[in-house]
Structures are given as structure tokens and as C-alpha cells.
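Shown next, in C-alpha cells, is the structure this report addresses.
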Amino acid sequence: MWLPSLNPLFAISTLATLLLPVVVTAESVLRSSSLAACQASSGFTASLFDVVFTPNNRTVAIDLLATSSIEGYVLFDITIIAYGYKAIQTTVDPCEAKIMGLCPMVSGKMTHPFNLGPFDKEALDVIPGIAYTFPDLDATVRVYINMTSGENKGQTIACLEADVSNGKTVDLIGVKWAAAAVILVAFIASAIVAGLGFTNAASHIAANTLALLAYFQSQAMIGLCSVSLPPVVQSWTQDFQWTMGIIRVGFIQTILTWYQRSTGGTASVIFDTLSIVSVQVEKMKRSLPVLEPAVQAIQKRVTDIAHHGSTLGKRSYEKTEWGSYIVYGIQRVAFRARIETTNLFLTGITFFYILCLVLVILVLLFKVGVELAVRLKVSKGDRFSEFRTGWLTTLKGILFRLTLVCFPPVVILCLWEFTQVDSPGAVVLAVFFLFSMLGALSYAAFKIIQIARRSVALHRNPAYILFSEPRVLNKWGFLYVQYRASAYYFIVPTLVYILVKGMFIALAQRSGVVQAVALIIVEAAALITVSVIRPFMDKSTNSFNIAICSLNFVNAIFLFVFTDVFGLPGLVIGVVGVVLWIANAAFSLILLLMLIITTGIILFHNNPDTRYQFMNDDRTSFIKSQTHIATTSELDALAATARGTGKTIDLDDDESARSSPANVGGLPRPGTAGSNTSPNRYSLKSVRDSARNSVRSSMIVPGGVYMSEKPGGQGHHLRNQPSGSVRAPSPLTASGSDGSLPKTSSPPKPQGGNQWQRGAGYD
């Protein structure tokens with residue numbers, strides 16, 4: 001009977017079933033496709049084992065390729081373990097059950113499929129109905145074969161173990177497509193909104209989308225670890241392997257196999273041998289003494305293979321003494337995706353290359369389409385004007401952002417390829433992609449830090465050059481736009497986090513405990529860093545990322561629990577696996593809904609910038625967005641007059657930047673030779689007065705209070721003001737380069753620091 005003590009587990013299972021849909025098969029079945037020996041010197045081994053139990057007709061179909069050295073009458077001691085709990089324990093006498101060929105057992109090979117049953121309906125009532133419906137059932141059948149006659153009477157001469165599945169799973173193609181579609185639409189929406197000039201809204205969409213994609217990649221990395229995982233965790237993490245480029249396309253796999261062979265490699269063909277060899281997808285190891293000799297024998301065999309340099313140990317699947325294969329970690333993910341392990345690295349790299357090519361083509365087509373629309377007068381001439389003039393720089397920025405997004409899978413797959421050496425050509429590609437991407441992102445981070453420091457030195461605000469120069473923003477903005485201006489450097493800790501995490505996952509495949517401990521340390525450091533520094537652009541984005549880091553840390557703890565180093569009861573480990581799935585499924589659903597709703601509102605909003613507060617780093621004062629165009633023509637004229645030259649800043653030349661009048665206050669001071677203040681003074685004053693009148697609707701006073709200049713001095717919050725109507729004071733005033741401008745009254749400086757430093761987030 002199914003024991004009443006499992007009622008709490010049933011409650012959890014019922015709740016989990018409501019969260020995500022599962023695959024519904026034509027009829028309920030219980031199936032096992034691998035048979036493992038669970039004791040040393042087992043008298044019965046099988047390299048092929050496929051058993052299907054159909055409750056409708058109460059029969060069992062068995063197809064196996066086994067070798068038996070057992071002769072005589074036996075008794076089967078059967079134990080069914082569900083989520084680490086011994087649910088059913090019974091004995092079966094094959095003679096009483098009239099099982100042909102097993103009464104008595106004879107030595108030899110068993111190669112022919114056969115059927116058992118039909119069984120009595122009362123005998124099947126011990127199997128609960130939930131066993132046929134709950135997704136990714138974590139159940140194991142263990143059979144001890146005990147002799148009842150001969151000189152070995154009363155001894156256990158064989159132990160067999162088979163994992164049972166019901167065909168229901170959370171590894172759904174619909175979940176993968178839905179998640180990928182949401183991410184893709186959000187990125188496209190961000191690009192469109194940015195092209196229309198609403199940079200504040202676009203940066204929020206992009207930041208949240210990147211954070212959600214990084215969370216999906218973290219889920220996929222859990223599945224890549226070599227820790228033994230419960231079936232539901234394996235399937236859940238498999239839903240996000242597309243973020244790592246692990247996507248199977250038939251003709252691409254054929255091409256990659258040809259490439260590997262043509263460059264001196266030997267492709268694995270395990271999927272061609274599934275009809276004669278079983279594959280054991282490693283899941284939870286139960287801490288039972290009877291298993292230890294078999295596990296030690298397997299480990300000894302693996303050590304011997306690796307020591308003698310066999311291709312099986314280096315580049316193919318590990319094989320047991322009885323002829324079946326074992327897959328775990330990265331190989332487990334490849335097998336579940338039906339990708340040969342020797343093609344896995346090339347698959348990920350190929351999809352990165354395809355994404356780059358597709359993005360280049362789309363940008364070119366968009367450029368041609370916009371130009372045709374303007375020439376045919378279908379669109380206004382100022383629509384996407386910034387993209388039309390700087391589309392090449394924008395394309396570089398898009399490719400840099402794609403490089404950042406694909407950096408985690410490239411690090412893991414390239415480092416893993418160094419341990420596999422599938423072929424000399426594949427190793428060369430691994431070296432090229434890893435170091436080229438690492439070099440490109442490192443150079444980009446260096447340039448951002450260099451530009452930000454120059455902006456601080458010249459204008460006492462890193463946001464000035466980072467956001468006022470379209471060339472910098474479009475090319476390098478992917479590295480810092482999601483952070484506040486004073487945290488421009490945070491891309492460096494991000495790259496280090498990705499690199500260290502990828503190194504442990506790729507290079508420590510032989511030790512799941514090392515991977516679990518390392519991930520706990522890495523995720524704890526990430527959570528503490530993000531919580532203390534709060535580097536993102538505003539409070540909501542910081543909360544979004546802190547929540548993701550918190551769940552990543554919890555997942556790392558769960559991963560350590562799965563290593564079973566503490567010898568926890570099997571039921572505890574099984575329940576933790578279900579909890580991990582439920583928690584992450586609910587969290588993912590919430591984040592996806594938030595992103596969908598926010599993106600939808602922004603796309604159908606007249607002025608999406610007004611949905612968000614302006615950043616404290618004054619970036620909106622420097623970005624020329626669509627909402628600023630109506631009020632900045634006079635300010636642009638003032639800026640051009642103040643510079644004295646129409647030349648732009650050369651951001652790649654330190655000397656030219658330092659000597660540029662726009663950077664060092666090129667306006668001559670009054671009373672000095674060549675100042676010529678008389679003709680210029682009143683023209684500048686009239687231009688400035690005109691500009692100030694256009695933005696007099698609101699102003700910022702010390703203390704962060706937004707006050708209206710209407711009669712009566714009634715205060716209004718910034719949210720009630722139109723987007724772009726608030727501008728920070730000119731950096732020329734703060735840098736002391738306003739000598740030729742008339743003195744105007746200004747609010748008193750706040751205590752405790754420079755006003756520009758407060759605006760940049762240094763407070």
C-alpha cells in the first residue's frame with residue numbers, strides 16, 4: 001500500500017502540477033530504458049534494457065540484451081523507491097507468477113523481447129494514480145535476486161536497478177519557444193523605442209531583458225554541472241539550454257560531424273547504437289551500502305581509461321563494465337538534447353555565428369528600409385535620424401552587446417573543448433572564439449573606464465561624455481547603460497563573475513562537489529556585491545537584479561544538497577528537487593509577465609519616458625532624446641557658440657580631448673587678452689534667456705525636491721512633468737568656464753560635497 005506518511009509529498013506534487021503544463025501522452029505508461037547493476041560481481045547484467053508497463057491492459061513489454069550466470073530457482077525481492085522513500089517492498093516467486101524462462105533461471109544470453117501479464121488488477125492497485133501523471137517522476141525499482149536452491153541458497157547473487165519514467169516532463173518545446181520569444185520581442189521593442197528617441201524607457205527595457213536572460217543562463221548552468229540531479233531539475237534546466245546555444249538542428253549536426261571528421265577528429269555515434277546499448281542518465285545517487293562496490297568499480301574503470309589515454313575517457317561517453325554508457329554534466333545535457341557530445345562545442349559556436357550574421361543582415365535591411373521610407377516620403381525625415389547617420393556605429397554596439405550576451409556559453413564550451421579535444425580544428429576554433437571575445441570585452445571595458453575618468457576629470461561627472469556623445473553611447477553603451485553613471489566600472493566585476501563561474505563548470509566536470517561549493521561562493525559574492533553597491537540605474541532595476549541574485553544563491557545551495565555529502569535522507573533530496581522546480585518556475589513566470597506587461601505598455605504609450613523617474617546621474621540632461629528635441633534647439637546653439645569650434649571630441653586621443661575647447665572651457669575669461677566679451681556677451685545672454693524660457697516649466701533645487709516656477713510656488717513631483725522638461729545645470733558652470741556668461745542667481749550649494757558629484761551618484 002501507498003503509505004499515509006507520503007501525504008505531504010502528495011500535496012507538494014499536486015501544487016507543482018498546477019504550475020506548469022505537462023506532456024499528455026496517448027495513454028498512461030511506466031517505462032524504464034536502462035538497467036544498472038547495484039552490487040559487485042553481479043550474476044545478471046544488461047547492456048540493453050527497455051521495459052514498458054501499460055496499466056490499461058496490465059501487461060509489461062520487455063526488450064533486453066542481457067547475460068546471466070544464474071542457474072536454479074530464485075526469489076525476487078523488489079523495492080520501489082519514490083523520491084528517495086521506500087514506497088513499496090514485496091517479493092515475487094517467478095514460479096508462482098508463472099513467468100516463463102525464470103523458473104528456474106538458466107545461464108546464457110537473453111536477446112529476444114517478450115511480454116509478461118496480464119497481471120491481476122488487485123496487484124496493480126498499490127501503484128497510485130499520481131505515478132502516471134506527475135512530471136519527471138523520480139522513481140526507481142531495485143530488484144535483488146536471491147537463490148532458493150543449490151549451494152548459494154539464501155544468498156543475493158545479483159542486484160539490478162532501473163529508473164522509471166511515465167513519459168510526462170517539464171522539458172517542453174513550448175516553454176523554450178515562449179521564453180525565447182519574450183526575450184526577442186523585448187530586445188526588438190527596446191531598439192525601436194531607442195530609435196524613436198525615448199532613451200530612458202529603452203534603457204529600462206534593455207536592462208530588465210538582459211537581467212532576465214542572464215537568469216535563464218544561470219538556470220541552464222545548473223544543468224551543466226556534473227552534480228547528480230533529480231529528473232525534474234534535469235528537465236527544468238533543459239528548458240533553458242537554448243540560451244547556451246545548445247539547439248539541435250538536423251542538417252547542422254550533419255555538417256558539424258563532417259567538419260569534425262575532416263579536421264582529424266572521431267565523431268561519437270551513441271545515438272546510432274541505442275538499439276543495442278543502454279544509456280544511463282545519471283540522477284540521484286542513493287546512499288546505500290550495497291551500491292558502493294559497484295560505484296567504486298565504475299570509478300576504477302573510469303580512472304584506468306583516463307590513465308591509459310583512451311578516446312573513450314577523453315572524448316566520448318563513459319562505459320560501465322557491463323557495456324552500457326553513463327552520461328552526466330555537460331554530456332547529460334547533450335544527450336537529452338540529442339546532440340552527439342563531440343558536436344556540442346561546435347553547435348554552440350555555430351549558433352553564435354548565425355546570430356551575428358542574422359543581426360548584421362537585419363540592421364542592413366532596416367537601414368535600407370528607413371532610407372526608402374524617407375525618400376518616398378512615407379516617413380518623416382527626422383524619424384530614426386540618429387540611426388541613419390550613425391548606423392555603422394550602432395551596428396558595432398549591437399554586435400558588442402551580442403558578444404556580452406553570448407560570453408557565458410562561449411566561456412563554458414571553449415574551456416570544456418580544451419578538455420575534450422574533439423579535433424584539432426575544433427580546438428583552434430575554441431582558442432580563437434574564447435580569446436577574441438575576452439579581448440574584445442576587456443578592451444571595451446577599458447575604453448569605458450578611460451572615457452568615464454576623462455569625463456570626471458574634465459566635468460566632474462562621468463555621465464557627461466558617456467551619455468552626451470552619441471558615438472560613445474551607441475558603441476559602448478551596452479556596457480554601462482544599465483548602471484548608474486558612477487558605477488560605470490561594474491562591467492569588470494560582471495566579466496570576472498562570468499569567467500570564474502564558467503571555469504568551474506567547464507573544468508571541474510569530474511567533481512560535482514567542487515562545482516557546488518564554488519558556485520555557492522561565487523553567487524554569495526555576487527549577491528553581496530549587488531546588494532551593497534546597488535550599481536544599477538534606479539531602485540526598481542536594483543531590486544529586480546537583487547531578487548535574481550538571491551534566487552541564484554538559493555539554487556547554488558540546492559545544488560550542494562544534491563551532492564549528498566551530508567548523507568541526507570533520500571526523501572529530503574527528492575523534495576528539494578521539487579521545491580527548486582516550483583520556486584524557479586513561479587519566479588520565471590513572474591519576471592516574464594512583468595517584462596511582457598511593461599513592454600506592451602511602453603509600445604502603446606505616447607511618451608514612454610514619463611513612466612520612469614529620471615536617473616540621479618543626470619544622464620537625461622545629456623542624452624538628446626525625442627522628448628528633448630522641441631526644447632533644445634536654442635541650447636544646441638548656445639553649446640556651439642560656447643565651444644567656439646564645431647569640431648567634435650576625439651575620444652580616442654587623450655591629448656586632443658584635453659586641449660579641446662569643449663572640454664577645458666575654451667571660453668576666454670573676461671578682462672584677458674583676446675576675450676572680446678562685449679559683442680558676445682549680449683548675444684549669449686539672449687540665446688540663454690530664450691532657452692531658459694523654453695524649459696522654465698520646472699527646475700531642480702537642492703535636496704532633490706522638484707518645484708514648479710508657477711506663481712504660488714506649488715511643488716510638483718517630477719513624474720507629473722513632461723519627459724525631458726528637466727535639465728541639469730550646464731557643466732560649463734560647474735567647471736568654472738562660464739566667465740563670459742552673465743551672472744545669474746542660483747540655489748545655494750548643498751552641504752557636504754560638490755553638486756555634480758551628488759548628481760552622479762557619489763552620495
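Below, each value reflects all heavy atoms present in this structure, side chains not excepted, and no hydrogens, waters or symmetry copies.
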For this session: Just grab all the side-chain hydrogen bond (donor to acceptor under 3.5 Å, both in side chains) pairs involving residues 390-400, residues at least two apart or on different chains.
Result: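 For residues 390-400, and leaving out neighbouring residues, there are no side-chain hydrogen bond (donor to acceptor under 3.5 Å, both in side chains) pairs at all.
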Exercise. Rounded to the nearest 0.5 Å, what separation is found between the CZ atom of F187 and the CG atom of L359?
Worked result: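 Nearest 0.5 Å value for the CZ-CG distance: 10.0 Å.
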pair [X]-[Y]: side-chain heavy atoms closer than 4.5 Å:
X: T541; Y: Q482; value: no
X: Q241; Y: L224; value: yes
X: I354; Y: I252; value: yes
X: F467; Y: Y480; value: yes
X: L591; Y: F544; value: yes
X: V431; Y: C414; value: no
X: S442; Y: F446; value: no
X: Q219; Y: N555; value: yes

Exercise. How close do L213 and T243 get, heavy atom to heavy atom, and via which atoms?
Worked result: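 Nearest heavy atoms, L213 then T243: CD1-CG2, 3.9 Å.
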For this session: Would you name the heavy atoms of Y489 and P493 that are closest together and state the gap between them?
Result: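 In terms of heavy atoms, the two residues are closest at O-CD, 3.2 Å.
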Mind checking what makes side-chain contact (heavy atoms from CB on, under 4.5 Å) contact with [X], not counting sequence neighbours?
X: S543; value: K539
X: I192; value: I188, L196
X: A452; value: P462, L466, Y488
X: T347; value: Q253, L256, I339, N343, F351

Could you pull out every donor-acceptor pair under 3.5 Å between side chains of residues 433-441 and any protein atom, sequence neighbours left out?
from, atom 1, to, atom 2, distance (Å)
S436, OG, F432, O, 2.5
S436, OG, F433, O, 3.2

Using only atom types and a distance under 3.5 Å, with no angle test, would you say the side chain of [X] pairs donor to acceptor with the backbone of [Y]?
X: N542; Y: F536; value: yes
X: S190; Y: A202; value: yes
X: S455; Y: N461; value: yes
X: Q217; Y: V405; value: yes

Problem set entry | Option from T599, D538, T598, T209 for which side-chain hydrogen bond (donor to acceptor under 3.5 Å, both in side chains) with H204 holds |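 Exactly one option meets the side-chain hydrogen bond (donor to acceptor under 3.5 Å, both in side chains) with H204, and it is D538.
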Problem set entry | CZ (R534) with more than 12 external heavy atoms under 6.0 Å |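 Not buried by this count: 12 neighbours or fewer within 6.0 Å.
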For this session: Give a yes or no on whether R453 atom CZ has more than 12 heavy-atom contacts from other residues, nucleotides or ligands under 6.0 Å away.
Result: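 No, the 6.0 Å shell around CZ holds no more than 12 heavy atoms from other groups.
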For this session: Any pair with a residue in residues 191-209 that passes salt bridge (charged side-chain N to carboxylate O under 4.0 Å, His left out), sequence neighbours left out, goes on the list, sorted by first then second residue, please.
Result: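 For residues 191-209, and leaving out neighbouring residues, there are no salt bridge (charged side-chain N to carboxylate O under 4.0 Å, His left out) pairs at all.
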Problem set entry | Of all pairs that satisfy salt bridge (charged side-chain N to carboxylate O under 4.0 Å, His left out), the ones with a partner from residues 356-373, not counting sequence neighbours |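 Listed by first then second residue: K367-E371, E371-R388.
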For this session: List for me each residue that meets side-chain hydrogen bond (donor to acceptor under 3.5 Å, both in side chains) alongside N545, sequence neighbours excluded, and say none if there are none.
Result: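 So N545 forms no side-chain hydrogen bond (donor to acceptor under 3.5 Å, both in side chains) with any residue.
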Exercise. Does the ring centre of F400 sit less than 6.0 Å away from the ring centre of W476?
Worked result: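 Close enough - the centres of the two rings lie under 6.0 Å apart.
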Only pairs under 3.5 Å count here: list side-chain donor-acceptor contacts from residues 494-507, not counting sequence neighbours, and write none if there are none.
from, atom 1, to, atom 2, distance (Å)
T494, OG1, Y483, OH, 3.2
T494, OG1, F490, O, 3.0
Y497, OH, K501, NZ, 3.2
Y497, OH, E523, OE1, 3.1
Y497, OH, E523, OE2, 3.0
K501, NZ, S218, OG, 3.4
K501, NZ, E523, OE2, 2.6

Exercise. Can you name the ring-ring contact (aromatic ring centres under 6.0 Å, His included) partners of F587, sequence neighbours left out?
Worked result: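 If we apply the ring-ring contact (aromatic ring centres under 6.0 Å, His included) test to F587, skipping adjacent residues, the hits are Y215.
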For this session: Mind checking ring-ring contact (aromatic ring centres under 6.0 Å, His included) for F240 and listing every partner two or more places apart, or none if nothing turns up?
Result: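 For F240, the residues satisfying ring-ring contact (aromatic ring centres under 6.0 Å, His included) (neighbours in sequence not counted) are F216, W236.
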